[in-house]
Number of protein chains: 2
Amino acid sequence: MIEGWITQLRKGLLEYCVLLVLRRGESYGYEIVQALKRIEDLAVSESTVYPILGRLRAEGFLKSRDVPSDAGPPRRYFALTPRGKVRLAEMNAYWPMLTKALNELKSGKPEREPQT
Amino acid sequence: MIEGWITQLRKGLLEYCVLLVLRRGESYGYEIVQALKRIEDLAVSESTVYPILGRLRAEGFLKSRDVPSDAGPPRRYFALTPRGKVRLAEMNAYWPMLTKALNELKSGKPEREPQT
DNA sequence: ATCATGTATTACGCAATGCATAATACCGGG
DNA sequence: CCCGGTATTATGCATTGCGTAATACATGAT
């Protein structure tokens, strides 16, 4: 029931999460998925993360390089571009505004200035 | 540029905001829009809120009654149903999990338990 | 050899939602 | 009579999360 709502809530947020993971340095899709699966209540699947990586690269926020692996097919490493870092900074700036707005709604909603 | 991302971020969240507004008692679309416009960085338009109200009612989370107005067309007042209150409670329970997950990502991401 | 398993990526397609745009209805004032 | 503020409805687009499935490579079991 509520899963449908959660699915909607994640829109945009997962993009943010991916950039946060890459903030520390380059990584590849499969590893990013594992990292996000480790976070409780944030379980993601490959079919969610890979499209995000592709889009972020297409928009110039990520660059990639292919590295052969000894335990499977070649890995595609992604890393933040300068534009990507700017984007992440913007997200880091906007997110608190949202949580603040939510908190304003939760903690009373005075129609007019409460007097005294 | 970043507006597109914000649009995605709002998915699901605005539904939550509407229920939060109605938590205090019944209200009608236009008034809800005004209430949300009052919150900084949460500006919404009528074309966003009205479909949400329709959906929430169709799903049984809201009930409505029409009241004639002396300053325009009749108002459609919405109020939470028991199911709506349960839903809101579920959302109130889930939201902190999301913010917690985000904070875990932001504040370090230890691959293994940090020793010491 | 064959099959399953873990690693790693790609493609297809559906269901939802936010939102721009526009139309409509009602009232009062210039 | 037209304009602005109140109040709702309809249409249609773009984007995203995600289920499902296919594919490639290596190792180990049957």
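All figures in this text were calculated on a predicted structure; none of them were measured in a lab. Just so we're on the same page: letters track the sequence lines, and every chain starts at 1.
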If you apply the rule salt bridge (charged side-chain N to carboxylate O under 4.0 Å, His left out), what do you find for Lys100(A) with Glu40(B), and how did you get there? CA-CA 9 Å; Lys100(A) 182 192 164 214; Glu40(B) 253 185 311; 3.8 Å; yes
Parallel, tilted or perpendicular, as decided by the 30° and 60° cut-offs, for the rings of Trp5(A) and Tyr94(B):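 Geometry flag for Trp5(A) against Tyr94(B): perpendicular rings.
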Tell me if the side-chain of Ser69(B) makes a donor-acceptor pair with the base of dA7(D), cut-off 3.5 Å, by modelled atom types.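 Answer no: no donor N or O sits under 3.5 Å from an acceptor.
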Whole-Å distance separating the [atom1] atom of [X] from the [atom2] atom of [N]:
X        : N       : atom1 : atom2 : result
Glu46(B) : dA7(D)  : CD    : P     : 11 Å
Leu36(B) : dG18(C) : CG    : P     : 12 Å
Glu31(B) : dT6(D)  : CD    : P     : 12 Å
Glu3(A)  : dA15(C) : CD    : P     : 17 Å
Tyr16(B) : dG18(C) : OH    : P     : 15 Å
Tyr30(A) : dC25(D) : OH    : P     : 17 Å
Tyr77(B) : dA7(D)  : OH    : C1'   : 11 Å
Gln8(A)  : dC19(C) : CD    : P     : 13 Å

Could you check whether atom NZ of Lys106(B) has more than 12 heavy atoms from other residues, nucleotides or ligands sitting under 6.0 Å from it?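 Yes.
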Measure from the side-chain heavy atoms of [X] and tell me the nearest of [options].
X        : options                   : result
Lys11(B) : dA14(D), dC18(D), dT21(C) : dA14(D)
Arg76(B) : dA8(C), dA7(D), dT9(D)    : dT9(D)
Arg55(A) : dT16(D), dT8(D), dC18(D)  : dT16(D)
Arg75(B) : dC19(C), dT8(D), dC18(D)  : dT8(D)
Pro73(A) : dA7(D), dG17(D), dA24(D)  : dA24(D)
Tyr50(A) : dG18(C), dT10(C), dA7(D)  : dT10(C)

For Asp66(A) and Tyr77(A), which I'm curious about, is there any donor-acceptor pair between the side chains at under 3.5 Å?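 Not at all, the side chains of Asp66(A) and Tyr77(A) share no donor-acceptor pair under 3.5 Å.
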Just call it for [X]: base, sugar-phosphate, or nothing, with non-hydrogen atoms closer than 4.0 Å on any strand.
X        : answer
Thr7(B)  : sugar-phosphate
Gly12(A) : sugar-phosphate
Glu15(B) : sugar-phosphate

Quick check on DNA chain C: between Arg10(B) and Asp70(B), whose nearest nucleotide comes earlier from the 5' end?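 Mapping each residue to its closest nucleotide by heavy atoms, the 5'-most match is Arg10(B).
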Phe78(B) or Pro74(A): which one's nearest nucleotide on DNA chain D is closer to the 5' end?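 The residue whose closest nucleotide sits nearer the 5' end is Phe78(B).
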Could you pick out which residue, Gly4(B) or Ser47(A), lies toward the 5' side of DNA chain D when each is mapped onto its nearest nucleotide?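 Nearest nucleotide further toward 5': that of Gly4(B).
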Counting only side-chain N and O atoms of Thr48(A), is one of them less than 4.0 Å from OP1 or OP2 of dC18(D)?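 Yes.
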Below the 4.0 Å mark, does dA8(C) have OP1 or OP2 next to a side-chain nitrogen or oxygen of Tyr28(A)?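 Looking at the OP1 and OP2 atoms of dA8(C), one of them is under 4.0 Å from a side-chain N or O of Tyr28(A).
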Determine the sole option in Leu36(B), Ile32(B), Ile52(B) for which the side chain to side chain contact (heavy atoms under 4.5 Å, CB included) test with Val44(B) is passed.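 Of all the options given, the one that passes is Leu36(B).
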Group every Ile, Leu, Val, Met, Phe, Trp and Tyr by side-chain heavy-atom contacts under 4.5 Å, then state whether Met91(A) and Met97(A) land in the same group.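 Met91(A) clusters together with Met97(A).
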